[in-house]
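Here is the structure we will look at.
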Amino acid sequence: MSSSKQPASTSFKAPDSSCLQLDEQGRLRHFLTTEGLSKDVLTEIMDVAESFSTVSNQAVKKVPVLRGKTIVNLFFENSTRTRTTFELAAKRLSADVISLNIATSAAAKGESVLDTIRNLEAMHADMFVVRHSDSGAAHFIARHVAPHVSVINAGDGRHAHPTQAMLDMFTIRRVKNEFTNLKVAIIGDILHSRVARSQIHALNILGAKEVRVIAPKTLLPSDVDSLGVHVYGDLRSGLNDVDVIIMLRLQRERMGGAMLPSEHEYFECFGLTQAKLAYAKPDVTVMHPGPINRGVEMDAAVADGPNSVILQQVTNGIAIRMAVMTLTMGHNRVGG
Amino acid sequence: METDVTSIDVNAIIEVMAEDVKSHIARNKIVDPLMIGVHTGGLWVAEKLHEKLGLTKPLGEIDISFYRDDFTRIGLNPQVKPSKIPGEVEGEHIILVDDVLYTGRTIRAALNEIFDYGRPDSVTLAVLVDRGARELPLHADIIGLKLDLSPQKQVKLTGPAPLVLETNRN
């Protein structure tokens, strides 16, 4: 599965242990993937995020809950939005936060991931927020950190991006109230999308009525049938009667070249326009994890239109990350 | 022999508290106060007081879970609710309402949270029960009922309807 462009380190085993992220009481200790978590845990994350969402109404947009804690953002792969919302979330919790762009620092000098972690632990870090181009990187780090340290996966290879999935679930719940009557279509580059995988797991755990993926065959993973989704090859039938549309970004930087005939043709077949929106339910909610390629994945008119909640997703991302940080850190009770 | 708290008429106590709040407001020349109840028991008491006093500003509610001083010991209360404070806190006269005043730590947290919304002109504390054994230098201005309980004893308000005080049996 792994593309030849990925870094040579193969020490990151395929993540298996969803039990790694829970403590003996079944509480979140790390947040690495939505796969294998219970409905109760996912619901608790959204409930706590709901409470954090009012912090932005305060004159002082901060709560003291993680005062004195040190959170380190470890970004082995670039990201502006995700890193910014994690930083903001940490600051609103009154934690001290530093963001390291590892791609341009120690790793370039040959330091191993574990040496980086050991050094940061020696500086009394309490949490690592990890983004890495290798699947399983956050799991690997979680297996090796000190007992009081929590790890949050901010995206690993093609595997998982659980906080993005949860902010999407939170956004859906805020608009639609619940999941059991919902038909959700995920459209686009499923193959390269860790977001899609985490969303599909979360939607199934939360009991969505139907999860569909709509994509050209070349952008579907070979194991798509095992994910619990219905696969559609064309937009018209796939969008029929759908309540929520989640568009994915075309990850051109991860494509070899032969996967798509052209962006123009992709837009013709799978791009979302106001006209194609009519295939879905009239009150359909349109989402996109960003950044949008306007005119490739969707028209500007749809992205900025009344059905779009794309900017709410960004706002909700802060509350969800505050919730996940607080819940995982809350596990570290003295004597608990 | 300690009082059997379950037989206490909570509504009658709140009736008296409402009168006390009214005279407190008059004495201190407070106009149009903003009442805030502390989740969950304090909010139930505040709802009744707010109605009896006919206050014009909508009732505020706060959940102090993010302001507790024991997060590192017991973690987050997963039943945390959003705080809702209508309008401005800046320059307001606040009447803060809770069900049981004990160590004072909840009120410390509530004051910190309120001040993150703005600088009120004054804060008045009204509690249904003051059970003593304070660990912080705080007192209530309006007290519905004073209880002298042994330290092992816990007292809590159950509700929202009917409002009943309960203690653990030991």
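Each chain gets a letter, A, B and so on, in the order its sequence line appears, and its residues count up from 1.
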**OP:** With rounding to the nearest 0.5 Å, note down the distance linking NE2 in A:H148 to OG1 in B:T72.
**Re:** 13.0 Å
Subject >> Listed partners of A:F170 passing ring-ring contact (aromatic ring centres under 6.0 Å, His included), at least two apart >> reply: none
Original post:
Between A:V48, A:T326, A:L327, A:V65, which shows the greatest number of heavy-atom pairs under 4.5 Å with chain B?
Top reply: A:V65
Original post:
Considering residues, nucleotides and ligands other than B:E51, do more than 12 of their heavy atoms fall under 6.0 Å from its CD?
Top reply: no
Original post:
What part of A:L93 gets closer than 4.5 Å to chain B, counting heavy atoms only: side chain, backbone, both or neither?
Top reply: neither
Original post:
Within a reach of under 6.0 Å around CG of A:L114, are more than 12 heavy atoms found that belong to other residues, nucleotides or ligands?
Top reply: yes
Subject >> Heavy-atom pairs under 4.5 Å with chain A, option from B:L76, B:I85, B:D69, B:N77 with the top count >> reply: B:L76
Original post:
If you count the non-hydrogen atoms of other residues, nucleotides and ligands that lie under 6.0 Å from NZ in A:K91, is the total more than 12?
Top reply: no
**OP:** Give the intermediate values and the outcome of side chain to side chain contact (heavy atoms under 4.5 Å, CB included) for residues A:M329 and B:F71.
**Re:** CA-CA 9 Å; A:M329 294 286 255; B:F71 172 77; 4.2 Å; yes
Original post:
Considering residues, nucleotides and ligands other than A:R67, do more than 12 of their heavy atoms fall under 6.0 Å from its CZ?
Top reply: no
Original post:
Are more than 12 heavy atoms from other residues, nucleotides or ligands located less than 6.0 Å from atom CZ of B:R68?
Top reply: no
Subject >> Under 3.5 Å: donor-acceptor pair, side chain of A:S51, backbone of B:V80 >> reply: yes
Original post:
Nearest 0.5 Å, what's the CG-CG distance between A:N57 and B:D116?
Top reply: 12.5 Å
Subject >> From CD (B:Q79) to CG (A:D47), nearest 0.5 Å >> reply: 9.0 Å
Original post:
Does atom NZ of A:K61 have more than 12 heavy-atom neighbours from other groups under 6.0 Å away?
Top reply: yes
Subject >> Contacting region of A:E44 [heavy-atom separation from chain B under 4.5 Å] >> reply: side chain
Subject >> Nearest-0.5 Å distance, OG1 of residue A:T54 to OH of residue B:Y117 >> reply: 4.5 Å
Original post:
Checking A:K62 against chain B: side chain, backbone, both or neither under 4.5 Å from a heavy atom?
Top reply: backbone
**OP:** Can you sort out the partners of B:R119 under salt bridge (charged side-chain N to carboxylate O under 4.0 Å, His left out), two or more places apart, ordered by chain and number?
**Re:** none
